[in-house]
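In what follows, a structure is listed as structure tokens, so that the remarks can point back to it.
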Amino acid sequence: MLGLVDCNNFYASCERSFDPSLIGKAVVVLSNNDGCVVARSNEAKALSIKMGVPLFQLEELRKAHEVKVFSSNYTLYGDMSSRIMSILGRYVEDVEVYSIDEAFMNLTGYESVYPDLAQFAQDVRHRALAWTRIPVSIGLAPTKTLCKVANWYAKREAEHNGALVLDTPAKIEQALYGFDVAELWGVGWRYAGLLKRNGIRTAAHLRDMADDWLAANMTVNGLRLAHELRGLKCNLIETVAPAKKAICTAPSFGQVIPDLDLIRQALTTHVGRVAEKLRKQDSAASAITVFLHTNRFRRTPGNGLAAKQYYGSRTIELPHPTASTAELASYAQAALTAIYRFGYHYQKVGVMLTGLVPADFRQANLFNDGPDDRQVRLARVVDKLNYRYGRDKIRLAAAGYDPIWHHKQQWMSRRYTTRWKDILKVK
DNA sequence: TCTGGGGTCCTAGGACCC
DNA sequence: TCTGGGGTCCTAGGACCC
């Protein structure tokens with residue numbers, strides 16, 4: 001048996017964890033740049049606030065119902081997430097952290113330790129709630145896909161009390177019989193349309209389709225999905241996160257920017273960010289891509305017509321893999337110079353590192369001397385200082401002093417668990 | 001005025017090798 | 001000019017996840 005633990009309304013629950021005055025109120029958390037709603041408390045869902053709606057469309061509801069709005073506070077959510085994950089680690093050896101608010105647990109071999117799975121699930125829920133104030137839902141089943149199904153019911157149907165165990169063919173059959181295929185893990189809006197057109201409406205129906213049909217219409221992914229619904233494990237628990245194959249950052253500016261110098265500063269800052277992530281996983285990058293684009297929603301002030309749009313991107317193959325911020329920044333600047341066009345209002349500049357190889361990887365190259373190791377050692381020292389004294393305390397001068405391009409975060413809560421001056425005071 | 005960010009995997013087709 | 005069988009690597013595009 002496997003288990004899936006999923007935090008309910010995670011970001012909203014984190015905010016609530018440290019501010020009890022939010023209990024019982026509609027809480028929403030926004031995406032970066034205070035753009036769209038990405039998390040909602042149950043009260044906010046009850047007001048029909050949809051996932052992904054832009055904040056400015058919420059004005060009336062906000063006034064009428066006193067909706068509490070928060071900018072996303074990833075420092076807080078990340079720390080709360082690791083607290084939850086460490087709680088799960090007290091129960092079983094193998095925990096796969098699947099996302100910031102979800103984890104799979106491997107219960108294989110724990111049959112005698114936890115003979116009553118329903119009781120086990122309630123224990124986990126109670127401990128998570130007691131130690132973090134985060135409510136979680138739990139689904140237990142023989143495969144990951146079935147765990148997702150079990151979790152779906154556990155979260156939505158009150159009679160399960162937050163946890164559902166699918167451990168017999170009869171229970172699984174009943175769960176799949178009424179389950180909308182569009183809700184399945186691995187079925188997005190395109191496959192949902194395809195399945196609907198073919199008259200396949202429930203998970204049970206998809207499970208019973210012929211393998212040939214599944215492979216032909218949904219590739220091997222569809223085949224695996226159906227096999228998992230039949231109880232055959234295709235996705236195993238991965239307890240060690242594999243190294244990333246690409247690292248990207250592309251946050252929007254807080255306002256549109258036409259000016260190349262400011263875009264350069266933002267780009268240099270973003271390179272600092274991706275290079276830090278690169279060194280953290282002990283990799284080096286073989287190629288760097290820079291892209292620059294305008295805001296597709298923008299109307300020209302004055303005449304209200306759709307603003308003219310531009311999208312530019314450039315990839316540079318590096319002479320040798322490197323993890324040096326300074327070296328990556330200079331190639332990034334060259335790419336930006338090549339794609340920048342005067343006369344547009346830009347919304348974001350992004351950078352992506354690809355062709356990631358282990359940092360100690362050395363490929364003989366006849367035509368140059370290879371990377372300068374001192375640069376990378378220097379960057380690692382900078383990483384340590386910034387970890388200790390705060391992000392961007394030490395950075396390239398080209399990143400500028402006054403990041404006016406920085407994204408908006410007007411309603412940010414405190415970093416309750418990671419900053420001494422933000423810690424709660426008990427009076 | 002205001003509309004997120006960061007990833008993975010699979011397939012087909014082209015180019016190439018012996 | 002046409003002929004067989006067995007491969008690899010790369011890229012673009014499409015699908016999905018949170």
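Chain A is the first sequence line, chain B the second, and so forth, proteins listed ahead of strands; every chain is numbered from 1.
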[X] side-chain N/O to [N] phosphate OP1/OP2 under 4.0 Å:
X      : N     : value
A:S72  : B:dG4 : no
A:K245 : B:dC9 : yes
A:S252 : B:dG5 : yes
A:R298 : B:dC2 : no

In whole angstrom, what separates [X]'s [atom1] from [N]'s [atom2]?
X      : N      : atom1 : atom2 : answer
A:D34  : B:dG5  : CG    : C1'   : 14 Å
A:N32  : B:dG7  : CG    : P     : 13 Å
A:L58  : B:dT1  : CG    : P     : 18 Å
A:K408 : B:dT1  : NZ    : P     : 12 Å
A:L278 : B:dG6  : CG    : P     : 15 Å
A:Y98  : C:dC18 : OH    : P     : 5 Å
A:H345 : B:dT1  : NE2   : C1'   : 13 Å
A:R296 : B:dG4  : CZ    : C1'   : 10 Å

Would you give the length of the straight line joining atom CZ of A:R133 to atom SG of A:C14, rounded to the nearest 0.5 angstrom?
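Answer rounded to 0.5 Å: 13.5 Å.
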Pairs under 3.5 angstrom only: tabulate donor-acceptor contacts from the side chains of residues 174-195 of chain A to other protein residues two or more places apart or in another chain.
residue, atom, partner, partner atom, Å
A:D180, OD1, A:A182, N, 3.0
A:E183, OE1, A:W152, NE1, 3.4
A:W185, NE1, A:Y98, OH, 3.4

Using a 4.0 Å heavy-atom cut-off across all strands, classify [X] as base, sugar-phosphate, or nothing.
X      : value
A:V187 : sugar-phosphate
A:I247 : sugar-phosphate
A:L184 : sugar-phosphate
A:E102 : sugar-phosphate
A:N33  : nothing

Side chain of [X] only, heavy atoms from C-beta on: which candidate in [options] is closest?
X      : options               : answer
A:A250 : B:dG7, B:dG6, B:dG4   : B:dG6
A:K244 : B:dG7, B:dC2, B:dG4   : B:dG7
A:K348 : C:dC18, B:dT8, B:dG5  : B:dG5
A:R190 : C:dA15, C:dC18, B:dC2 : C:dA15
A:Q347 : C:dC16, C:dC18, B:dG4 : B:dG4
A:N295 : B:dG6, B:dT3, B:dG7   : B:dT3

Hey, does the side chain of [X] reach the backbone of [Y] with a donor-acceptor pair shorter than 3.5 angstrom?
X      : Y      : answer
A:N106 : A:T108 : yes
A:N9   : A:A12  : no
A:R83  : A:T132 : no

Please compare A:H407 and A:R224 by the position of their nearest nucleotide in DNA chain B and report the one closer to 5'.
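The answer here is A:H407.
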5' priority, DNA chain B, between A:C36 and A:T249 [closest heavy atom]
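That would be A:C36.
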Heavy-atom distance under 4.5 Å between the side chains of A:L356 and A:P321, does that happen here?
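The answer is no, as the side chains (C-beta and beyond) never meet within the 4.5 Å cut-off.
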Expected output is a numbered-order residue list: members of residues 209-220 of chain A with a heavy atom under 4.0 Å from any atom of DNA chain C. What is it?
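By residue number: none to list.
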Parallel, tilted or perpendicular: ring planes of A:F253 versus A:W405, cut at 30 and 60 degrees
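Rings of A:F253 and A:W405: perpendicular, as their planes differ by over 60°.
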Report yes or no: is the cationic atom of A:R62 (NZ for Lys, CZ for Arg) under 6.0 Å from the centre of the six-membered ring of A:W411, at an angle within 45° of the ring normal?
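Checked: cation-pi criterion met.
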Quick one: do A:E276 and A:R395 make a salt bridge, cutoff under 4.0 Å?
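No salt bridge links A:E276 with A:R395.
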Roughly how many Å apart are B:dT3 and C:dC18, using the P atom of each and rounding to a whole number?
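These two P atoms come out 25 Å apart once rounded.
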